[in-house]
Each structure stands twice: as structure tokens, then as C-alpha cells.
Amino acid sequence: MLLSSRGRRIGVRVALGVVSTLVLGATGYAWSQLSKLDDGLVTADVIPPAAQVDEDSTPPGEPLKVAQNILLVGIDARTDAYGNPLPQNVLDALHAGSGDTGGDTTDTMIVVHIPAGGAAATAISIPRDSYVDIAGGYGKHKINSAYSRGKNAAMSGLRTQGLSGAQLEVAANEAGAKTAIQTVEKFTGLTINHYAAINLAGFDALSQAVGGVEVCLKAPVHDSYSGADFPAGPQTLSGAQALAFVRQRHGLANGDLDRIARQQAFLSGMAKKVLSAGTFTDVSKLNALVSAVQGAVVLDKGWDVLSFAQQLRGMSSGAIAFATIPVQSLSLSTPSDGDAVKVDPAQVQQFIRTAISTPAVQASGDDTGGGVKPVAATTTATSNSKQPATSTAAGCVN
């Protein structure tokens with residue numbers, strides 16, 4: 001079975017850093033505070049020149065002139081953004097095992113499409129075990145292994161160059177990110193223009209910086225693997241509890257698909273929380289959020305986040321739609337990777353083309369201020385379903 005074959009692997013780190021920036025950019029945010037993001041941000045040279053976008057050509061406050069695709073990843077790593085090992089007490093608090101447990105897999109992969117002209121954004125989730133061709137000649141494997149395969153392959157050459165410790169880790173991470181980006185591009189048919197990654201401790205810090213996020217469960221859960229132990233109904237989670245909520249997969253009827261629904265619900269809840277909690281008028285909250293993003297997120301080199309966020313202020317609807325690619329099976333038997341998620345690249349690419357070409361996204365929920373409606377419909381599809389299953393990102397989930 002798909003759920004039982006993974007043991008105690010840590011699941012999900014939702015890449016909230018850039019989503020936070022998207023939210024901040026769509027409001028009357030205090031730009032003097034946001035400008036602090038320039039100091040201390042970790043960057044990686046992972047986007048080739050041909051995929052880079054000249055954002056300076058769009059004046060602040062006006063919609064983007066060119067559509068852009070952002071790859072958000074949550075990495076199963078036991079190091080921080082600077083390549084330093086996370087302390088064991090931090091790993092213990094996050095139910096993350098030892099520093100050797102993580103395999104540097106991208107256990108969360110979300111492509112955010114920002115259209116030109118100010119239409120609503122679309123966030124498309126890719127199940128971590130989707131069985132695809134890995135860029136770089138590695139053959140067919142689970143998509144979450146693309147990062148680790150590229151990283152591990154680069155290690156010996158980097159050591160030959162004299163790199164070690166944190167410096168080696170950062171350089172190898174860059175190689176892994178390139179392989180992951182190229183794999184996603186091949187699978188989805190999209191060109192990735194920007195990249196953002198977050199690790200274990202980063203998710204913890206970001207969720208605490210916003211004062212927790214309200215979520216809702218249909219039934220109580222108890223999972224010793226992730227540490228999830230929550231009653232049914234609405235509740236506010238942060239730190240290790242938030243991480244446990246989005247990474248649980250054991251005991252969920254639809255495995256990774258239910259976990260993706262939790263990721264999307266958490267992202268929607270975070271957007272609503274940031275916009276409605278007085279974050280932009282509270283200096284301490286602003287500073288906490290900026291500090292969390294600085295220590296949590298790795299962005300592609302050359303991404304002018306300030307300019308980008310200002311341009312998003314011109315989005316006419318501000319809505320974010322959440323979707324999940326269609327899958328054909330959750331229990332595909334593979335030669336060397338155990339059970340995987342069966343996907344059809346042609347079907348996936350057609351699904352994505354349709355999703356990002358929809359002229360208007362029907363967002364639900366109340367406008368939380370600043371013209372932004374972060375609550376949107378979540379859809380996915382399987383080959384044996386007559387119609388895509390639909391739920392509300394901010395509603396109760398399994």
C-alpha cells in the first residue's frame with residue numbers, strides 16, 4: 001500500500017515564504033518594512049537566463065506584463081537555508097528524527113501561475129510520489145527525488161573543488177534545485193521563471209510569525225508518525241503543530257491527495273490571517289514576519305521580490321485558485337521505488353493549460369481587505385472519476 005511503504009519519512013513543508021510575499025504585495029503594505037527582506041535573504045543561481053523575466057519593465061502598482069510561473073518547494077532537509085545542520089532539539093520538537101533522517105526530497109511541490117494583465121493566480125499542487133521522467137538522465141522515479149538525485153550527483157565534484165561543510169551543502173542544494181526545476185518543466189510543459197524553497201524550521205518560524213493559522217478538521221486525528229493529535233472542528237495551529245497538520249498522511253483515506261488538501265487549506269488560512277490580523281499596522285508582527293522569511297526561504301538569484309510584490313498590487317481580483325493535477329492511481333507498482341502515484345504527462349499538461357487559461361477564477365469567502373480573496377476552490381481529478389472532486393480550500397478537511 002502507498003501509505004504503509006514510506007515508514008517514518010517526514011512529509012510536507014509548505015513553501016509559504018513566497019505565498020506570504022504575494023499576499024503582502026497585494027495590500028497597502030509598509031514598503032519600508034518589506035524592504036528589509038533584501039538583507040539576509042538566501043539566493044541560488046537556478047534559473048537560466050532564457051527563463052528570467054525583466055520585471056523592471058512593469059511600473060509599480062500595474063499588473064505584470066508577462067505571465068510568470070513560480071515553483072514553490074518544501075524540502076525534507078535537516079539543515080537551515082545557510083547549509084548549517086539543525087540542532088537536535090529543534091528536530092525533536094518537529095518530530096523530525098535525527099539529522100541523518102532526511103533525504104533532501106521535495107515533499108511539497110506547487111507551481112503558482114501569475115497571469116499577465118491582473119487576472120487571478122492559480123496554485124497547482126503536484127503529489128510528491130508522482131512517477132515521472134527525472135531530468136538529467138536519471139530515468140523514471142518519484143518526482144520528489146529529483147532534487148536529491150541532482151544534489152547527490154554534484155557532491156563529489158564539489159568536494160574535488162575543495163568545498164566542505166555549509167558551503168558544500170549550499171552549492172549542492174543549488175544543483176538539486178536545478179534538477180527539480182527541469183523535471184517540473186518537462187512534466188508540466190511550463191517554463192519556471194522563479195523558485196522558492198523552505199525547510200523544516202522555516203515552516204515552523206513562518207507559522208509562528210503570523211500568530212498561527214486557523215484550520216478545520218472533519219474528524220479528530222492522532223498520528224504518531226507526524227505528531228498530529230487534534231480534535232475535530234476549527235482550531236489555530238502554529239510551529240510544530242502546524243507542521244504536523246500539513247505533513248500527516250497516515251490514516252487519511254486518500255493519502256497524499258488529502259495531505260495536499262491540507263496544504264492548500266493552510267495556505268488559504270494563512271493568507272486570510274495575514275490580511276485580517278492587523279499585521280501591517282503592528283511593527284512587532286511586521287518584524288517577526290520579515291525575520292522569519294529571511295531565515296526560512298531560499299529564492300532564485302536575481303528575483304527582485306520588492307518590485308514583484310509591488311506589481312502584484314495591480315492585480316484586479318487578487319484571488320488565488322488552488323488545484324491538484326489529475327492522477328490515475330495512488331498505488332502504481334514500480335521497479336525500484338515501491339508504490340508511486342501514476343500520472344499521465346499529456347493529461348496533466350492539458351489540465352494545466354485549461355487551469356491557467358480560465359478567464360476568471362470563482363473565488364469563495366469574504367474579501368479580507370486590500371482587494372484580496374485568498375479563499376478559492378480546490379480541485380483534483382482521477383482517471384476513474386466522472387467529474388473532478390471539489391472542496392473549499394478554507395473549509396474542513398480530512
Side-chain angles (χ1 to χ4, degrees), residues 11-23 69-74 106-114 120-130 144 188 196 198 203 206-207 210 212-218 221 226 228 230 234-237 242-249 252-275 318-327 330 341 348 351-352 355-356 358 361-365 368 372-382 388-398:
V12 168
R13 260 74 53 212
V14 179
L16 292 176
V18 170
V19 173
S20 300
T21 304
L22 303 188
V23 172
N69 301 306
I70 305 167
L71 175 61
L72 311 181
V73 301
T106 51
D107 286 344
T108 302
M109 305 188 84
I110 302 174
V111 178
V112 180
H113 177 77
I114 310 292
T122 304
I124 302 171
S125 295
I126 302 173
R128 51 166 271 173
D129 283 350
S130 299
N144 71 336
T188 64
I198 189 171
F203 182 90
L206 282 169
S207 61
V210 299
V213 173
E214 184 174 332
V215 299
C216 181
L217 283 172
K218 294 179 180 178
V221 297
S226 65
F230 308 118
Q235 51 211 288
T236 299
L237 305 178
L243 184 61
F245 174 81
V246 298
R247 79 184 185 191
Q248 183 187 0
R249 64 179 181 274
L252 301 181
N254 294 309
D256 277 348
L257 297 185
D258 280 342
R259 188 172 61 174
I260 284 174
R262 289 192 181 191
Q263 296 173 32
Q264 296 172 346
F266 196 92
L267 285 171
S268 180
M270 181 176 183
K272 184 175 182 180
K273 178 65 177 292
V274 169
L275 292 172
I320 302 174
F322 294 90
T324 303
I325 63 167
V327 304
L330 296 177
V341 175
V348 168
F351 174 86
I352 291 174
I356 67 177
T358 302
V361 175
Q362 298 298 316
S364 62
T368 55
V372 177
K373 295 180 180 179
V375 184
T378 300
T379 61
T380 188
T382 58
T390 304
S391 63
T392 303
C396 291
V397 295
N398 289 328

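- At least one side-chain heavy atom of I124 sits under 4.5 Å from a side-chain heavy atom of I356.
- Not one N or O on the side chain of R128 forms a donor-acceptor pair closer than 3.5 Å with the backbone of N144.
- The closest side-chain heavy-atom distance from D256 to L330 is not below 4.5 Å.
- Minimum heavy-atom separation, P234 to C216: N-SG, 3.8 Å.
- To the nearest 0.5 Å, the span separating CG on L206 from CD1 on I198 amounts to 4.5 Å.
- Taking Q235 as the reference, V215, L217, F230, P231, L237 meet the side chain to side chain contact (heavy atoms under 4.5 Å, CB included) condition, with sequence neighbours excluded.
- Applying the side chain to side chain donor-acceptor pair (under 3.5 Å) criterion to S125, with sequence neighbours excluded, gives Q264.
- Annotation: the span from F351 atom CZ to T324 atom OG1 amounts to 7.0 Å, rounded to 0.5 Å.
- R262 places a side-chain N or O within 3.5 Å of a backbone atom of F245 that can act as its donor or acceptor partner.
- Scanning both residues, V348 and P326, for their nearest heavy atoms gives CG2-O, 3.9 Å.
- To the nearest 0.5 Å, atom CD1 of residue I110 and atom CD1 of residue I70 are 11.5 Å apart.
- Taking CG from D129 and CG from D107, the interatomic distance works out to 8.0 Å, rounded to the nearest 0.5 Å.
- For V246 against R259, the heavy-atom pair with the smallest separation is O-CG, 3.1 Å.
- A261 approaches V397 most closely through the heavy-atom pair O-CG1, 4.2 Å.
- Heavy-atom minimum distance, L257 versus P127: CD2-CG, 4.1 Å.
- Summarising the geometry, atom OG1 belonging to T108 is positioned 11.0 Å from atom CD1 belonging to I126; distances are rounded to the nearest 0.5 Å.
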request  = Check the pair V111, I352 against side chain to side chain contact (heavy atoms under 4.5 Å, CB included), reporting the backbone distance first and the verdict last.
outcome  = CA-CA 10 Å; V111 178; I352 291 174; over 6 Å; no
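- The OG1 atom of T188 sits 11.5 Å away from the NE2 atom of H113 when rounded to the nearest 0.5 Å.
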